[in-house]
Amino acid sequence: MISEAAAIAEQEKLREQIITTDQLPDPIRYIAGTDVEYDKASDLIAGSIVVLDAETLDIVEIATHCMQVTFPYIPGLFSFREMPPLLAAWEKLTQKPDLLICDGQGIAHPRRFGMASHLGISIGKPTIGCGKTKLYGHYTDLDIRKGSIAPLLAEDDVAIIGNVLRTQEGINPVFVSVGHMISLETATNIVLNLAKQYRLPETTRIADHYGRLALEEFKRNNSI
DNA sequence: GCGACAG
DNA sequence: ATCTTGTCGC
């Protein structure tokens, strides 16, 4: 297994490749949600990528992959844990999406290289980081109303590394950041538009659902 | 030494 | 992530 030091060196190297401007295809036709489910008892994880029609949000394709965990959970090195099952699921996909929304941070990370950026660089596709909680940075004055945003600032108090976005009035916000090949503004708008009814974008909710199903089915088929 | 710490 | 019902509040 890759060492912690090697993982950090890898992040420092790959972060150079991140593109923080919009490089999206003209009409975005397919968007995808990614998520990884865990089974504490068996150490199994399931990577899940669900492709949706960007216009109707109808499900176009579902790809999942179950395997044993290969890396411990270390804040800041999270992608090394979730990348293996996601890349395996990615290989199974027939219809590759134009954009992926990941369950975790993009550049809102101590070394500016969270899970969404790592995945985006690895597969060469635009990605958005959308985490349920904060990993890094600080913010103030986030209004209670839906659609409100507060910039997520780095230690220097100057660099904006993401947006804290209130997707539903009075409900805990989500943390949006650039993964790869997209601007923060576009990423924020897309996440808000995908969270019409719930706190999390529809892509994440659907990926979570099918990842859960895949993990349960895998356990059943293998008597775990 | 004391918090913070994606899933 | 996961362990997990009722309960406090709008």
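Chain A is the first sequence line, chain B the second, and so forth, proteins listed ahead of strands; every chain is numbered from 1.
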Could you check whether the rings of A:His118 and A:Phe113 sit parallel, tilted or perpendicular, using 30° and 60° as the cut-offs? tilted
Output the residues of residues 5-14 of chain A in contact with DNA chain B, where contact means a heavy atom of the residue under 4.0 Å from an atom of the strand; sort by number or write none. none
A:Lys134 vs B:dC5: side-chain N/O to OP1/OP2 distance below 4.0 Å: yes
Give the residues of residues 107-126 of chain A touching DNA chain B, defined as any heavy atom closer than 4.0 Å, sorted by residue number. A:His109, A:Gly114, A:Met115
To the nearest angstrom, the CE-C1' distance between A:Met83 and B:dG7 comes to 14 Å
Of all residues at least two apart in sequence or in a different chain, which pass the salt bridge (Lys or Arg N to Asp or Glu O under 4.0 Å) check with A:Asp143? A:Arg145
Under the salt bridge (Lys or Arg N to Asp or Glu O under 4.0 Å) rule, what pairs show up with a residue in residues 124-137 of chain A, not counting sequence neighbours? A:Asp103-A:Lys132
Kindly state each residue pair satisfying salt bridge (Lys or Arg N to Asp or Glu O under 4.0 Å) with at least one member in residues 71-92 of chain A, sequence neighbours excluded. none
Side-chain N,O (A:Thr133) to OP1/OP2 (B:dG7) below 4.0 Å: yes
So what does A:Leu44 hit on the nucleic acid, given a heavy-atom distance under 4.0 Å: a base, only sugar-phosphate, or nothing? nothing
To the nearest angstrom, how far is A:Leu135 atom CG from B:dG3 atom C1'? 15 Å
Decide, yes or no, whether a salt bridge links A:Lys219 with A:Asp39 under the criterion of side-chain N to carboxylate O below 4.0 Å. yes
In whole angstroms, the gap separating P of B:dG7 from CG of A:Asp39 amounts to 19 Å
Once you round to the nearest 0.5 Å, how far does CD of A:Glu37 lie from OG of A:Ser48? 7.0 Å
First and last nucleotide of DNA chain C, 5' to 3', lying under 4.0 Å from heavy atoms of chain A: C:dA1 to C:dT2
Using a 4.0 Å heavy-atom cut-off across all strands, classify A:Gly129 as base, sugar-phosphate, or nothing. nothing
Among residues 193-219 of chain A, which contact DNA chain B at a heavy-atom distance under 4.0 Å? none
A:Glu216 with A:Arg212: basic N within carboxylate O range, under 4.0 Å: yes
If the condition is salt bridge (Lys or Arg N to Asp or Glu O under 4.0 Å), which residues does A:Glu12 pass it with, not counting sequence neighbours? A:Arg15
Could you run through DNA chain C and flag its stems, i.e. three or more consecutive Watson-Crick or G-U pairs with both distances under 3.5 Å? none
Treat a base pair as Watson-Crick or G-U wobble with both distances under 3.5 Å, then lay out DNA chain B in dot-bracket form, 5' to 3', with | for cross-strand pairs. .......
I'd like to check the salt bridge (Lys or Arg N to Asp or Glu O under 4.0 Å) partners of A:Arg205; sequence neighbours left out, ordered by chain and number. A:Glu202
Return the set of residues passing salt bridge (Lys or Arg N to Asp or Glu O under 4.0 Å) with A:Asp208 (not counting sequence neighbours), or none when no residue passes. none
